[in-house]
Amino acid sequence: MFGLLDCNNFYVSCERVFQPRYEGRPVVVLSNNDGNLISRSAEAKALGLKMGDPYFQVKDVLHRHDVAVFSSNYVLYGDMSRRVMYHLGQVAPAVEIYSIDEAFLDLAGMETYLGRLDAYAQKVRAGVKSRTGIPTCVGVAPTKTLAKLANRIAKKNADLDGVLYLDSAERRAWALRQVPVGDVWGVGRQYAAKLNAAGIDSAADLARVSDAWARKHLGGVVGARLVQELQGRPCAGLHASEDGTLSRQSISCSRSFGRPLSAFADMLAAVAAFLSRAAEKLRAQGDMAHVLTVYVSKNRFATNVLPPFSRSATLTLPAGPTADTTVLLGYARVLLNRIWEPGVAYHKAGVVLDGLEPPGTGQQLDLFAPATAPLVLPEKPTLVTRRPGLMASLDALNERFGRGTVRVATAVAAPSRPATAGSANRPPWEGKAQWRSPAFTTRLEDLMIVN
DNA sequence: TCTGGGGTCCTAGGACCC
DNA sequence: TCTGGGGTCCTAGGACCC
């Protein structure tokens, strides 16, 4: 059995924990750059506001109904998530952190001891609520896909009191009939349209298609697994997250800019800033990266811009994996030069680190590195292993004095235009965040004072 | 004027290997 | 005239997830 615990309207719930005056009122949280709606309270959903709605398109509705609007505060949400996951680690045999607000619980064999698992699921919910203030729902079922499905039904039906346990074939069949096929985990917009066209409308319909049909029309083996999981045959196990943290297979950092950039120097500074952040995450996870991708994007909504909207370049690092920001930056500059088109107004850029591995596992030595020429002092070492101390010091300083206290010079924006009021010293790639709440749990200055 | 960010998994062709 | 089989790695891109 798998459990799937999912936080309700997670970002909105995080804001409400520290500002309970927003309980019962419509609340939304915006994406970076205050671009789109990415979290809505039940009251906001009732107003017809949709996930992903651009803010500027629904601004009037928000004002008319006095909806509370927040910029996203990932420092706060990340810390609240950590607390939720920590508690789950205390009460479940194994936990897989699936996203910032969701976790799978390994409940294999627990029925032998506890009988039905409804009461246990309720206890987990109550524990998370009392320790973090975050409301949740739990689905319990024999496969991950069915646990997701059960969770979704529990969320939509208040009378279930936040828990749905699919313990019998009859209950599973009933649950499959409740859910439109487009809401099944793994069925996105494209597949939903295809399925509807083929007369497959509910999860129950999808559970009946043949293996061959699923392979042909739903992305090969992925589709076949999806159907099997709906039928109650597990195809995916639980990937336990060690000590409550998540270790990733790729790490990226990207941003939409506050205003379009068309100067190479600005773009290079932006890429350097994103790369610095990604490399920081890489080192925090204790890994090195073997593959680097840099990409730049144009405004895909502009009527005068034709696809492709994005260009990327990838490089397998010739001298092997590294976690050194400055080494990575040297390659990033080469990649950016490869995709850069002069005169284009860019709206976004990003970097991706792939091929992550812990240090010391089959690193390739550089044939041309100075170490092979003992009479020449290494002026410019190329492998991170030669100077782990520099990166460690960099990380320690930024940890202690705040992110970005010490940076590589390339990532510091040169003032390419006179500063306007309010924009003084803000790099041109930084977006808007007009309504950000305080970092209640991670900054001493932001701690609440209780009188 | 204003449209997010960070992930996973899979496919496929080309270059290359034995 | 006739030209194999079984792999890996690299790179780019698509579909999906929250």
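Residue numbers start from 1 in every chain, and the chains themselves are labelled A, B, ... in the order their sequence lines are given, proteins ahead of strands.
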Pick the closest DNA chain B nucleotide for Gly258(A) and for Asn32(A) by heavy atoms, then say which residue is nearer the 5' end.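 This one resolves to Gly258(A).
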So if I take residues 182-189 of chain A and measure heavy-atom distances to DNA chain C, which residues fall below 4.0 Å?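 Going residue by residue through residues 182-189 of chain A, the ones with a heavy atom under 4.0 Å of DNA chain C turn out to be Val184(A), Trp185(A), Gly186(A), Val187(A), Gly188(A), Arg189(A).
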For Asp183(A), which of Arg189(A), Arg152(A), Lys156(A), Lys155(A) qualifies under salt bridge (Lys or Arg N to Asp or Glu O under 4.0 Å)?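 Among Arg189(A), Arg152(A), Lys156(A), Lys155(A), the one meeting salt bridge (Lys or Arg N to Asp or Glu O under 4.0 Å) with Asp183(A) is Arg152(A).
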Atom pair distance, as rounded to whole Å: [atom1] in [X] and [atom2] in [N]:
{"X": "Gln434(A)", "N": "dC2(B)", "atom1": "CD", "atom2": "P", "result": "14 Å"}
{"X": "Asn36(A)", "N": "dG5(B)", "atom1": "CG", "atom2": "P", "result": "9 Å"}
{"X": "Arg436(A)", "N": "dG4(B)", "atom1": "CZ", "atom2": "P", "result": "16 Å"}
{"X": "Phe309(A)", "N": "dG4(B)", "atom1": "CZ", "atom2": "C1'", "result": "17 Å"}
{"X": "Arg300(A)", "N": "dC2(B)", "atom1": "CZ", "atom2": "C1'", "result": "13 Å"}

Assess the side chains of [X] and [Y]: does a donor N or O sit below 3.5 Å from an acceptor N or O?
{"X": "Arg300(A)", "Y": "Ser310(A)", "result": "no"}
{"X": "Asp79(A)", "Y": "Thr442(A)", "result": "no"}
{"X": "Asp201(A)", "Y": "Asn196(A)", "result": "yes"}
{"X": "Asn9(A)", "Y": "Ser41(A)", "result": "no"}
{"X": "Gln228(A)", "Y": "Arg225(A)", "result": "no"}

What string of B, S and - do you get for nucleotides 6-18 of chain B 5' to 3' if you count protein non-hydrogen atoms under 4.0 Å? SSSSS--------
Categorize [X] for me: base, sugar-phosphate, or nothing, with a 4.0 angstrom heavy-atom threshold over every strand shown.
{"X": "Phe10(A)", "value": "nothing"}
{"X": "Tyr55(A)", "value": "nothing"}
{"X": "Lys432(A)", "value": "nothing"}
{"X": "Asn33(A)", "value": "nothing"}
{"X": "Leu315(A)", "value": "sugar-phosphate"}
{"X": "Asp101(A)", "value": "sugar-phosphate"}
{"X": "Lys148(A)", "value": "sugar-phosphate"}

In dot-bracket form, 5' to 3', how is DNA chain B paired? Count Watson-Crick and G-U wobble pairs only if both distances fall under 3.5 Å, and write | where the partner sits on another strand. ....||||||||||||||
Answer with yes or no after comparing the ring centroid distance for Phe104(A) and Trp185(A) against a 6.0 Å cut-off, counting only values under it.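 Ring-ring flag for Phe104(A)/Trp185(A): true, centres closer than 6.0 Å.
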Please tell me whether Phe70(A) and Tyr22(A) form a close aromatic pair, meaning their ring centres lie under 6.0 Å apart.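 Judged by ring-centre distance (under 6.0 Å), Phe70(A) and Tyr22(A) do meet the cut-off.
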Report the relative orientation of the aromatic rings in His217(A) and Trp213(A); use parallel for angles under 30°, tilted for 30 to 60°, perpendicular for over 60°.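 Rings of His217(A) and Trp213(A): tilted, 30 to 60°.
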Side chains of His65(A) and Glu43(A), heavy atoms from C-beta outward: is any pair under 4.5 Å?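 Counting from C-beta outward, His65(A) and Glu43(A) never come under 4.5 Å.
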Can you tell me, in whole Å, how much space there is between the P of dC18(C) and that of dT3(B)?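 To the nearest whole Å, 25 Å.
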Should Ser31(A) be listed as having a side-chain N or O under 4.0 Å from OP1 or OP2 of dG5(B)?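 No.
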May I ask you to verify if any side-chain N or O of Ser256(A) is less than 4.0 angstrom from the OP1 or OP2 atom of dG5(B)?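 For Ser256(A), the contact criterion (side-chain N or O under 4.0 Å from OP1 or OP2 of dG5(B)) is met.
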Which heavy atom in Leu76(A) sits nearest to a heavy atom in Cys14(A), and how many Å separate them?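 Leu76(A) and Cys14(A) have their closest heavy atoms at CD2-O, 4.3 Å.
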Exceeds 12 heavy-atom contacts within 6.0 angstrom, atom OH of Tyr86(A):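 Not buried by this count: 12 neighbours or fewer within 6.0 Å.
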